[in-house]
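Below is one structure; the comments refer to it alone.
Numbers here are sequence positions counted from 1. Being a predicted model, the structure only gives us computed values, none of them experimental.
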Amino acid sequence: MVLMPKRVKYRKHQRGTRRGLSTKGCRISFGEYGLQALENAWLTNTQIEAARVSLTRHLRETGKVWIRVFPDKSVTKKPAETRMGKGKGMPEYWVCVVKRGRILFELEGVHEDVAREALRRAAHKIPFSTKFISRKKH
């Protein structure tokens, strides 16, 4: 399963900046436990999927998982050994712009130590530092 939008208004995006704090999606809204980003970065569709697979495999049909990020920005790339010019390259993959404080995943219906271990495994698939948070302490 590859995460990508069904339709977009514009196929090619500019890179933009990765500075600042997250203003939306920075509180636990659905579950009891969450994984919060501590850095600004791009999260690709394959990284989100790898984290989701490791989460669901560890939980083994128990609990509920919410994915709070979606890759809606296309990243383009020109072919190797191509001369400069001749326009922007074709979209290669999709990313989600993640800012500090954003909740990436939420869990519910499992014990805290199981949730902590599941989110720790998911965090290994993510290329920036994250932290485990719970609704009780938040």
Checklist entry - Transitively linked via ILVMFWY side-chain contacts under 4.5 Å: Val114 with Phe132? => result yes
Next on the checklist: If you compare all heavy atoms of Asp72 against all heavy atoms of His13, which two are closest, and at what distance to 0.1 Å?
Outcome noted: O-CE1, 3.7 Å
Checklist entry - Is the side chain of Asn45 donor-acceptor paired with the backbone N or O of Tyr93 at a distance under 3.5 Å, no angle test? => result no
Next on the checklist: Do Gln47 and Trp42 have side chains that approach each other closer than 4.5 Å (heavy atoms only, starting at C-beta)?
Outcome noted: no
Checklist entry - If only atom types and distance count, is the side chain of Glu39 paired as donor or acceptor with the main-chain N or O of Phe128 below 3.5 Å? => result no
Next on the checklist: Any non-hydrogen side-chain atom of Phe105 less than 4.5 Å from a side-chain atom of Leu119?
Outcome noted: yes
Checklist entry - Does Lys78 use its side chain to pair, donor to acceptor, with the backbone of Met84 at less than 3.5 Å? => result no
Item to check | Side chains of Arg135 and Glu32 in contact at under 4.5 Å (non-hydrogen atoms) | outcome: yes
Checklist entry - Just by modelled atom types, is the Ser54 backbone N or O under 3.5 Å from a matching donor or acceptor in the Lys125 side chain? => result no
Checklist entry - Does atom NZ of Lys88 have more than 12 heavy-atom neighbours, drawn from other residues, nucleotides or ligands, at distances under 6.0 Å? => result yes
Next on the checklist: Are Val69 and Leu55 linked, directly or through intermediate hydrophobic residues, by side-chain heavy-atom contacts shorter than 4.5 Å (ILVMFWY only)?
Outcome noted: yes
Next on the checklist: For the CZ atom of Phe70 and the CE atom of Met4, what is their distance to the nearest 0.5 Å?
Outcome noted: 8.5 Å
Item to check | Minimal non-hydrogen separation, Lys99 against Leu21, with atom names | outcome: CB-C, 4.0 Å
Checklist entry - Could you state the interatomic distance from CD (Glu112) to CG (Leu107), rounded to the nearest 0.5 Å? => result 11.5 Å
Checklist entry - Going only through I, L, V, M, F, W and Y residues with side-chain contacts under 4.5 Å, is there a path from Trp94 to Val75? => result no
Item to check | Closest non-hydrogen atom pair, Asp113 against His111 | outcome: OD1-ND1, 2.8 Å
Next on the checklist: I'd like to know if the side chain of Arg102 and the backbone of Arg68 have a donor-acceptor N/O pair within less than 3.5 Å.
Outcome noted: yes
Item to check | Test item: Lys131 side-chain N/O and Leu35 main-chain N/O as donor-acceptor pair under 3.5 Å | outcome: no
Checklist entry - How close do Ala115 and Val110 get, heavy atom to heavy atom, and via which atoms? => result CB-CG2, 3.8 Å
Item to check | Side-chain (Lys73) to main-chain (Arg15) donor-acceptor, under 3.5 angstrom | outcome: yes
Checklist outcome for this item: Tightest non-hydrogen contact, residues Leu43 and Pro127, listed as CD1-CD, 3.8 Å
Next on the checklist: Donor-acceptor pair, distance only, cut-off 3.5 Å: does the side chain of Gln36 make one with the backbone of Gly101?
Outcome noted: yes
Checklist entry - Among the clusters formed by ILVMFWY side chains lying less than 4.5 Å apart, do Leu3 and Val98 turn up in the same one? => result yes
Checklist entry - Quick one: CD on Glu106 to NZ on Lys64, what's the gap to the nearest 0.5 Å? => result 10.5 Å
Checklist entry - Which heavy atom of Ile48 sits nearest a heavy atom of Cys96, and at what distance? => result CD1-CB, 4.5 Å
Next on the checklist: If you define the side chain from C-beta out and look only at heavy atoms, does anything of Tyr33 sit under 4.5 Å from Arg116?
Outcome noted: no
